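Read through the structure below, which is laid out as structure tokens, and then see the notes.
The structure presented is a predicted model; accordingly, all values stated were derived computationally and were not measured.
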Amino acid sequence: MIDTLGRNIDYLRISVTDRCNLRCRYCMPEEGIENQGHHHMLSFEQLYRIVKVANKIGINKVRLTGGEPLVRKNIVQLIRAISALSSIEDISLTTNGILFPEMANDLKQAGISRVNISLDTLDKEKYKYITLKGNLDRVFQAIEKALSLDMDPVKINVVVMKGFNDDEILDFARLTYELPVHVRFIEFMPIGDLDFHTEDKVLTIGAVKSIIEETYNLEYGVNIKGHGPANYAQIAGGKGSLGFISPLSNHFCNKCNRMRLTADGKLRGCLYSQDEIDLRLALCNDCTDEQLLALFKKAILMKPAQHHMLDGWGKNNNRKMYQIGG
């Protein structure tokens, strides 16, 4: 479906849970979150129905996120059901990788063809610090497992934070020379009201590129499978690629093709917009497919022209990042 600004909206990011097995300092409080119970979340049957209806107006790409999507029990069943829809072209997953190694075979067989793994540091002690409870060895195992299953592409999402991991930019770049992985550097966004985010931690993508270009010859214009906003380059002779995502310094809202569905059933057109449509309420009120489709169309037509990230998150009213979905 084409929105009011001529953007083709064909991509749905679904948060299947707001829970996570890590406590990344910029995302979730150390004490975790209150367990609202399953009755506050969309069931797999409801999620499947939403995807099936959205597919009628052109949504043909789905990404499962969280929280950490792999903590949701029986998620493989949902993936298998969605992949059986003939018009769905792509089902992908964003994960921290901790639970991935043991689940990878089942995920691949169910229909996951590619995976994004969140990883902000290659240093074990720093990884424990930023995640509070993570094991870096598990993430490396996840990357190796995804590569062994020929998932294509295997992307590594790196939130760049000045004073924390900016000294590892070249190390991450080197990974793409040695391995067929695609490292995506992401500017540090104010994605909640946690005190860990401060403006002095932000490093622009332009600065990241400059650091890499001092050491490596980059070839731009590389095409990598995916539906996100990254611009890609490749180190000459490298096996993988480097992606650059600049939501702060050079936003890409004019090309945004996605909608977001929260774990509790709210549909929103932008991570930073507080405008939402409650699909769960409609489902609980026994709405017809036509009514559900009308709500989906309404949400697409409400999609804003651009985010207003620099105005702040909106502490008093906006949800936290883990409540919306990565």
Side-chain angles (χ1 to χ4, degrees), residues 1-4 7-18 38-95 103 106-116 151 225-228 256-271 275-303 323-326:
M1 178 174 168
I2 305 300
D3 75 354
T4 58
R7 298 170 294 195
N8 182 27
I9 311 303
D10 60 359
Y11 181 19
L12 179 62
R13 297 177 68 98
I14 301 174
S15 175
V16 297
T17 180
D18 58 3
H38 290 295
H39 61 284
H40 285 286
M41 293 195 304
L42 289 170
S43 68
F44 284 165
E45 291 79 8
Q46 290 172 326
L47 286 169
Y48 172 77
R49 185 181 173 195
I50 289 171
V51 173
K52 187 176 181 180
V53 167
N55 188 227
K56 295 179 180 179
I57 53 171
I59 296 293
N60 54 25
K61 306 169 186 68
V62 173
R63 174 172 291 277
L64 302 181
T65 72
E68 168 51 46
L70 298 186
V71 304
R72 181 80 187 261
K73 291 182 179 179
N74 301 318
I75 190 172
V76 170
Q77 295 178 9
L78 174 64
I79 296 166
R80 188 177 293 115
I82 294 174
S83 67
L85 294 171
S86 59
S87 297
I88 296 296
E89 299 176 357
D90 184 69
I91 308 174
S92 54
L93 178 78
T94 296
T95 175
M103 300 179 66
D106 290 340
L107 292 167
K108 178 70 180 287
Q109 292 173 7
I112 294 293
S113 59
R114 56 195 186 89
V115 63
N116 289 14
M151 289 191 171
K225 182 180 179 180
H227 316 292
C256 183
N257 63 337
R258 68 189 61 179
M259 298 295 291
R260 294 175 178 270
L261 181 65
T262 68
D264 61 352
K266 308 299 192 301
L267 186 65
R268 57 163 62 192
C270 177
L271 174 63
D275 294 329
E276 298 178 331
I277 288 184
D278 194 338
L279 299 189
R280 181 178 169 275
L281 178 61
L283 290 167
C284 291
N285 288 330
D286 297 321
C287 69
T288 64
D289 283 357
E290 289 72 22
Q291 290 170 327
L292 190 60
L293 189 63
L295 290 175
F296 217 101
K297 290 179 178 178
K298 180 179 179 181
I300 290 176
L301 295 177
M302 287 168 51
K303 187 175 173 67
Q323 295 173 310
I324 300 170

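Remark: R258 engages no residue in a side chain to side chain donor-acceptor pair (under 3.5 Å) (not counting sequence neighbours). A search for side-chain contact (heavy atoms from CB on, under 4.5 Å) contacts involving L292 returns R49, I50, V53, L279, L283, C287, not counting sequence neighbours. Residues satisfying the side-chain contact (heavy atoms from CB on, under 4.5 Å) criterion with D286, sequence neighbours excluded, are absent altogether. Under the rule for a side-chain contact (heavy atoms from CB on, under 4.5 Å), the partners of D10 that lie at least two apart in sequence or sit in another chain are N8, N60, K61, N257. Scanning for side-chain contact (heavy atoms from CB on, under 4.5 Å) contacts around I57 gives M1, L293, F296, K297, I300, with sequence neighbours left out. Residues passing the side chain to side chain donor-acceptor pair (under 3.5 Å) test with T17, sequence neighbours excluded: none. For Y11, the ring-ring contact (aromatic ring centres under 6.0 Å, His included) partners two or more places apart in sequence, or in a different chain, are H227. In this structure, Q77 has no side chain to side chain donor-acceptor pair (under 3.5 Å) partners at least two apart in sequence or on a different chain. For D278, the salt bridge (Lys or Arg N to Asp or Glu O under 4.0 Å) criterion is met by K266, not counting sequence neighbours. The salt bridge (Lys or Arg N to Asp or Glu O under 4.0 Å) check on R114 picks up D90, with sequence neighbours excluded.
Across all non-hydrogen atoms, the minimal contact from G111 to S83 is CA-CB, 4.1 Å.
Put simply, the residue from K303, R268, R260 that forms a salt bridge (Lys or Arg N to Asp or Glu O under 4.0 Å) with E276 is R268.
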